[in-house]
Engineer: 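One structure coming up, written as structure tokens, with questions to follow.
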Amino acid sequence: MRTLMCGEVRDDHVGSTVSLCGWVARRREHGEHLAFLDLRDHTGVVQCVVDGAHDLRSEWVVRVTGTVRPRPDGTVNPQLETGTVELGECTVEVLATAEPPPFPLDERAGDVDEVVRLRHRYVDLRRPEMQRNLRTRAAAIAAIRRSMDDQGFLEVETPLLIASTPEGARDFVVPSRHRPGSFYALPQSPQLFKQLCMVGGVDRYYQVARCLRDEDLRADRQFEFTQLDAEMSFAGQEDVLEAITAAVDAVVRTVRNEGIGEVPRTTWREAVDRYGSDKPDIRFGMELVELTDLFSETGFQAFRAGSIKGIRHAGGSESTSRSRLDDLTETCKRWGAKGLVWMRVEAGDDGGTTLVSPVAKFMSAAELAGVADRLGAEVGDVLYLVADDWIRTTHVLGLLRLELGRPPTHEGGLRFLWVVDFPLFEDVDGATGRPVPAHHPFTMPHEEDLDLLDGDAEALLRVRSQAYDLVLNGWELGSGSVRIHRGDLQQRIFDLLGISAEEASARFGFLLDAFRYGAPPHAGFAFGVDRLVALLLGEENIREVIAFPKTQSGTDPLTGAPSELDAPQLADLGLRQVPPPG
RNA sequence: GGUCCCGUGGUGCAGUUUGGAGUGCACGCCGGCCUGUCAAGCCGGAGGUCGCGGGUUCAAAUCCCGUCGGGACCGCCA
């Protein structure tokens with residue numbers, strides 16, 4: 001049907017007769033007997049010269065047969081890959097007519113209401129940007145498979161209809177027709193199955209896996225997303241980090257034609273301490289500065305707190321109005337802070353600096369001098385201080401740091417970071433004294449922290465796990481851990497978590513059973529392909545790299561999902577609708 | 001569960017603060033002219049439930065309340 005792609009026509013083809021197929025991108029008529037037709041397919045656009053184009057319209061699907069010829073002097077278009085040539089003496093065959101597109105398909109389409117784009121996604125996908133995104137995504141996944149295959153990993157498919165397990169995210173569920181009243185769950189990840197693969201001698205497993213979580217959507221979160229999921233036998237943390245780094249490096253080389261180099265590492269504690277986040281964006285500084293000790297004997301009531309930290313917005317004073325400061329204070333309160341102390345750094349009478357703040361009068365000269373010194377205050381800066389417990393202080397300042405300093409997605413390069421030594425428990429329940437696991441209950445504690453498992457709540461919170469995250473520009477790309485493969489240690493963790501033998505057996509008995517038949521030590525990881533591809537393309541939103549995404553409220557404007565079931569379908573599944581609560 | 005922002009011909013926007021006739025801009029669409037354009041150009045035309053409902057008012061795109069849709073974020077996402 002076609003002999004060449006639109007974007008492929010070059011000087012080499014001059015003189016040959018070719019047939020091209022595509023969509024009419026644009027048409028420029030110059031009277032009865034001359035019109036230019038820009039024909040588009042996914043490879044690009046080429047100009048066809050036709051004898052009048054009155055009967056052709058935008059986005060019609062056509063087959064054009066003509067002779068490639070050089071463009072006349074002065075009419076070369078350097079904007080086009082095909083700009084030195086054109087197709088002449090064209091005959092045009094209309095393969096399909098088309099209504100005018102619902103929105104412009106040129107570079108202006110980026111401004112169009114996303115619902116309109118999603119409702120007509122099939123049109124949106126024709127745009128060069130979307131074609132680029134789809135094709136980059138496919139290339140990234142191909143690079144992942146190549147890398148994993150080369151490293152001796154075996155791709156194994158695991159089921160989509162599985163048993164629900166209550167921990168973690170909310171499950172999507174599917175009613176069973178054969179057993180009315182019973183439900184399958186869709187996997188939040190293939191976690192348990194990949195561990196079964198290890199017991200099954202797969203040795204190195206991977207899967208480009210769809211994961212489903214029924215949680216609220218965000219710019220970087222969809223109900224369903226794609227992960228590179230991997231697990232390795234007879235391997236520890238270093239082996240996993242190395243293998244995953246290689247796979248990510250392969251992707252970046254494919255997409256960006258550059259390696260990722262040595263990926264720096266930080267501990268979880270250091271990340272939170274310095275950036276107020278376990279997924280720090282290290283493209284910019286503005287680090288959290290420790291101030292607690294400066295206020296150990298303060299008369300300022302609000303600063304009698306466990307943790308006081310500050311950040312410095314260099315040169316921010318001029319662009320930060322009083323009402324902006326009030327807004328930021330309110331925002332910090334919404335984030336959980338008791339308040340926000342801001343200080344403008346102004347020139348002092350003695351030639352030094354002075355901190356101007358509504359609360360400066362409650363602080364001693366030594367305290368103010370200490371703050372200015374620690375934060376490296378210079379005239380024109382704004383300093384922001386928060387006092388609370390360590391968790392809240394770092395959390396709020398971490399968010400404020402992003403609000404004040406985060407560069408746009410496409411700036412600042414790619415700053416990967418491994419965050420290691422996550423805590424095993426994120427909290428200890430005040431009422432029961434039971435620790436709350438930070439990861440899943442099969443996460444291996446640090447060998448040297450095992451003694452702490454016998455300690456009090458404070459000791460438990462100090463237990464580090466062999467769990468690690470990969471972070472890119474402030475996005476959590478993925479996480480993994482070394483798994484517990486020994487029954488006795490697993491039992492101890494279950495005991496600590498207050499999971500009875502019956503409960504453990506009911507929830508993941510099949511995995512514990514499997515471990516009794518010879519489980520190799522193993523460790524694994526998974527990272528989000530949508531997020532990685534989006535960041536590599538400079539997109540702020542993973543919907544841009546997903547062919548058919550959902551809106552933030554979880555609907556699909558194209559298909560109308562989710563939709564209601566009719567009565568016979570419900571009856572077949574043994575379901576009955578009840579009125580919505582409220 | 002919560003905070004903030006947005007909704008005006010097919011598309012993008014201005015108009016909303018300070019109520020006064022659906023007023024305007026750009027693109028697209030339809031018709032005409034046009035033989036070297038390339039976001040072609042020129043002339044003409046069509047196209048509107050100002051998201052929806054209620055309220056205030058002599059009068060509402062504009063003010064108030066509610067609601068729907070969308071987006072960003074907090075919570076949530078082991």
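Everything numeric here is computed off the predicted structure, so don't read it as measured data.
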Engineer: Are more than 12 heavy atoms, taken from residues, nucleotides or ligands other than A:Phe494, located less than 6.0 Å from that residue's CZ atom?
Structural biologist: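 Enclosed: over 12 neighbouring heavy atoms sit under 6.0 Å from CZ of A:Phe494.
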Engineer: Check the distance between B:rG10's P and A:His120's NE2 and give it to me in whole angstrom.
Structural biologist: 11 Å
Engineer: Please state whether the rings of A:Tyr122 and A:His120 are parallel, tilted or perpendicular, taking 30° and 60° as the class boundaries.
Structural biologist: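 Perpendicular, since the angle between the ring planes exceeds 60°.
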Engineer: Please report the distance separating the P of B:rC13 from the corresponding atom of B:rA72, rounded so that it comes out in whole Å.
Structural biologist: 16 Å
Engineer: Give me the distance, rounded to whole Å, that separates B:rU35 from B:rG28 when you measure between the C1' atoms they each carry.
Structural biologist: 25 Å
Engineer: According to side-chain hydrogen bond (donor to acceptor under 3.5 Å, both in side chains), who are the partners of A:Asp38, at least two apart in sequence or on a separate chain?
Structural biologist: A:Arg28
Engineer: What's the gap between B:rG51 and B:rC6 when it is taken at their C1' atoms, as a whole Å value?
Structural biologist: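 Their C1' atoms lie roughly 12 Å apart.
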Engineer: Could you run down nucleotides 71-78 of chain B 5' to 3' and tag each one B, S or - for protein heavy-atom contact under 4.0 Å?
Structural biologist: BBSBBBBB
Engineer: Is it the case that A:Arg401 places NZ or CZ above or below the six-membered ring of A:Phe284, under 6.0 angstrom from the centre and within 45 degrees of the axis?
Structural biologist: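 Relative to the ring axis of A:Phe284, which defines the angle, A:Arg401 lies inside both limits.
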Engineer: Over all strands shown, is A:Asp113 touching base, sugar-phosphate only, or nothing at heavy-atom distances under 4.0 angstrom?
Structural biologist: sugar-phosphate
Engineer: Each nucleotide in nucleotides 29-48 of chain B should get exactly one letter: B, S or -. Can you fill that in based on protein heavy atoms under 4.0 Å?
Structural biologist: SSS--BSBBBBB--------
Engineer: Provide the distance between the two P atoms, one in B:rC68 and one in B:rA21, to the nearest whole Å.
Structural biologist: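 My reading of the P atoms in B:rC68 and B:rA21 gives 32 Å.
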Engineer: With rounding to the closest Å, how many angstrom separate the C1' atoms on B:rA46 and B:rC5?
Structural biologist: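 Each nucleotide's C1' atom is 35 Å from the other's.
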Engineer: Step by step, work out the ring-ring contact (aromatic ring centres under 6.0 Å, His included) result for A:Phe527 and A:Trp418.
Structural biologist: CA-CA 12 Å; A:Phe527 72 77; A:Trp418 284 110; 9.3 Å; no
Engineer: Show the atom names and distances, to 0.1 Å, of all donor-acceptor pairs under 3.5 Å that link a side chain in residues 419-426 of chain A to residues at least two apart or in another chain.
Structural biologist:
from     : atom 1 : to       : atom 2 : distance (Å)
A:Asp421 : OD1    : A:His446 : NE2    : 2.8

Engineer: Applying a 4.0 Å non-hydrogen cut-off, can you work out what A:Thr555 is touching in the nucleic acid: base, sugar-phosphate, or nothing?
Structural biologist: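 Sugar-phosphate: the residue A:Thr555, judged by heavy atoms under 4.0 Å, touches backbone atoms but no base.
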Engineer: Output every pair passing side chain to side chain donor-acceptor pair (under 3.5 Å) with a member in residues 72-83 of chain A, not counting sequence neighbours, ordered by first then second residue.
Structural biologist: A:Arg10-A:Glu81
Engineer: When the C1' atoms of B:rG1 and B:rG75 are compared, how many Å lie between them, rounded to an integer?
Structural biologist: 8 Å
Engineer: Identify the nucleotide, in any strand shown, that forms a Watson-Crick or G-U wobble pair with B:rG31, with both distances under 3.5 Å; if there is none, say none.
Structural biologist: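 B:rG31 is paired with B:rC43.
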Engineer: Roughly how many Å apart are B:rG24 and B:rG48, using the P atom of each and rounding to a whole number?
Structural biologist: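 Here B:rG48 and B:rG24 have their P atoms 15 Å from each other.
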Engineer: Round to the nearest Å and state the distance from A:Asp111 atom CG to B:rC6 atom C1'.
Structural biologist: 14 Å
Engineer: Classify the ring geometry of A:Phe442 against A:Phe508: parallel below 30°, tilted from 30° to 60°, perpendicular beyond 60°.
Structural biologist: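 Ring orientation of A:Phe442 relative to A:Phe508: perpendicular.
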Engineer: Name all residues meeting the side-chain hydrogen bond (donor to acceptor under 3.5 Å, both in side chains) criterion together with A:His30; count only those two or more places apart in sequence or in a different chain, and write none if there are none.
Structural biologist: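 Per chain and number, A:His30 pairs via side-chain hydrogen bond (donor to acceptor under 3.5 Å, both in side chains) with no residue.
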Engineer: Applying a 3.5 Å limit to both distances, which nucleotide forms a Watson-Crick or G-U wobble pair with B:rC25?
Structural biologist: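 Across any shown strand, B:rC25 pairs with B:rG12.
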Engineer: If pairing requires Watson-Crick or G-U wobble contacts with both distances under 3.5 Å, which nucleotide is the partner of B:rA72?
Structural biologist: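 Its partner is B:rU3 (Watson-Crick or G-U wobble, both distances under 3.5 Å).
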Engineer: Could you work out the separation of B:rC25 and B:rU67 based on their C1' atoms and round it to a whole Å?
Structural biologist: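 That atom pair is separated by 32 Å.
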Engineer: With both distances under 3.5 angstrom, what nucleotide forms a Watson-Crick or G-U wobble pair with B:rU67?
Structural biologist: B:rG51
Engineer: Does A:Arg269 qualify as a cation-pi partner of A:Trp390, given the criterion of NZ or CZ under 6.0 Å from the six-membered ring centre and within 45 degrees of its axis?
Structural biologist: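 Yes, A:Arg269 and A:Trp390 form such a contact.
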Engineer: If B:rA59 has a Watson-Crick or G-U wobble mate with both distances under 3.5 Å, name it; if not, just say none.
Structural biologist: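 Across any shown strand, B:rA59 pairs with none.
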